[in-house]
2 protein chains.
Amino acid sequence: MTIPAFDKNDLNQFDEPANLLKALSHPIRLCIVRGLMRKKKCNVSYMQECLDIPQSTISQHLQKLRGAGVVTTERKGLEVNYILADPRVEAIVNALFGEEECEA
Amino acid sequence: MTIPAFDKNDLNQFDEPANLLKALSHPIRLCIVRGLMRKKKCNVSYMQECLDIPQSTISQHLQKLRGAGVVTTERKGLEVNYILADPRVEAIVNALFGEEECEA
DNA sequence: TCTTTATATCGTATTATTCGAATATAACGA
DNA sequence: TCGTTATATTCGAATAATACGATATAAAGA
């Protein structure tokens, strides 16, 4: 009995990766993530200003990214900085947009 | 004026990639796609048998993958074979699961 | 033409996402 | 403590995704 290419017995092994992709599968969130690849670290106001969308909307997207483990946060006074936290995400974004020089 | 890391002016450049990720962001569809990386070509009945879910459910997932350009089809008599059609998808799946020897 | 097999589509109930205003919290300075 | 700034959470309405039975189509063979 060989291992089939598809197997319902390990369908649940796809749950976590599918969740990660779902977290990335929104234009605003994808934009945020690629921005974080360029900028390494960024607070909410800056993103909000660049993207020009309501604060609660940005914040909700960030919470979704955080819930999926895509980003972590570092508070610095009033500001909260967001930072990429999962190396798979960078590989995925590179697959989509191509590699890019990063800020020195 | 420098180019910001985030920019609402090209937010729409994220629509297509986000759509691609959305198509992949379901456990069943991800399983199908990884199966197609191993098996290269596969008909619906085989997938259905492996995954043990209703035929209409599989078919709908396949249509969603096809709509996003993830797969194409080749009819052979009664059967329809599905084949991966977007190289970005393989890079993404490799980022998630690691590379793997493919069937010779 | 009739049947069978393989796949696709439709109808629809259920659940999940999304957005943005309103409100809450957390940290800082006066 | 009070006010201000930065961020998070809550709420509700609109929209989209999902599952699956029922039904339709497409190809092949008798």
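Basis for what follows: all heavy atoms, side chains included, without hydrogens, waters or symmetry-related copies. This is a predicted model, so every value here is computed, not measured. Numbered from 1 within each chain, the chains take letters A, B, ... in sequence-line order.
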Next on the checklist: Quick check on contacts: within residues 51-61 of chain A, what sits under 4.0 Å from DNA chain C by heavy-atom distance?
Outcome noted: Pro54(A), Ser56(A), Thr57(A), Gln60(A), His61(A)
Checklist entry - What integer distance in Å separates Glu79(B):CD from dT25(D):C1'? => result 17 Å
Next on the checklist: Can you measure Gln63(A) atom CD to dT25(C) atom P for me and round it to whole angstrom units?
Outcome noted: 15 Å
Checklist entry - Pick the nucleotide of DNA chain C nearest each of Ser25(A) and Arg75(A); which residue has the one closer to the 5' end? => result Ser25(A)
Checklist entry - In whole Å, what is the span from the CD1 atom of Ile28(A) to the P atom of dT18(C)? => result 10 Å
Next on the checklist: Nearest to the Leu62(B) side chain among dA8(D), dA19(D), dA8(C), which nucleotide is it?
Outcome noted: dA8(C)
Checklist entry - About how many Å separate CZ of Phe6(A) and CG of Leu36(B), when rounded to the nearest 0.5 Å? => result 4.5 Å
Next on the checklist: Need one value for Lys76(A): base, sugar-phosphate or nothing, where a base atom within 4.0 Å counts as base even if backbone is also close, heavy atoms only.
Outcome noted: nothing
Item to check | Interatomic distance, Lys41(B) atom NZ to Ile83(B) atom CD1 [nearest 0.5 angstrom] | outcome: 5.0 Å
Item to check | Glu16(A) atom CD, neighbour heavy-atom count above 12 within 6.0 Å | outcome: yes
Checklist entry - Between atom SG of Cys31(A) and atom CG of Asp10(B), what is the distance when rounded to the nearest 0.5 Å? => result 6.5 Å
Next on the checklist: Ring-plane angle category for His61(A) and His26(A), please: parallel below 30°, perpendicular beyond 60°, tilted otherwise.
Outcome noted: tilted
Next on the checklist: Can you tell me if Gln63(B) has over 12 outside heavy atoms packed within less than 6.0 Å of its CD?
Outcome noted: yes
Checklist entry - In whole angstrom, what separates Leu24(B)'s CG from dT18(D)'s P? => result 12 Å
Checklist outcome for this item: Separation of dA16(D) atom C1' from His26(B) atom NE2, nearest Å, is 14 Å
Next on the checklist: Nearest whole Å is fine: how far is dA8(D) C1' from Asn81(A) CG?
Outcome noted: 16 Å
Item to check | Chi angles and distances behind the side chain to side chain donor-acceptor pair (under 3.5 Å) call for Arg66(A), Thr73(A) | outcome: CA-CA 8 Å; Arg66(A) 186 159 66 167; Thr73(A) 56; 3.3 Å; yes
Checklist entry - Between Leu11(B) (CG) and dC19(C) (P), how many Å, whole number? => result 10 Å
Checklist entry - Within the structure, does a side-chain N or O atom of Tyr82(A) lie under 4.0 Å from either OP1 or OP2 of dA8(D)? => result yes
Next on the checklist: Expressed as a whole number of angstroms, how long is the span from Met47(B):CE to dT7(C):P?
Outcome noted: 9 Å
Checklist entry - Which comes earlier along DNA chain C counting from the 5' end, the contact point of Leu78(A) or that of Asn19(A), where each point is its nearest nucleotide? => result Asn19(A)
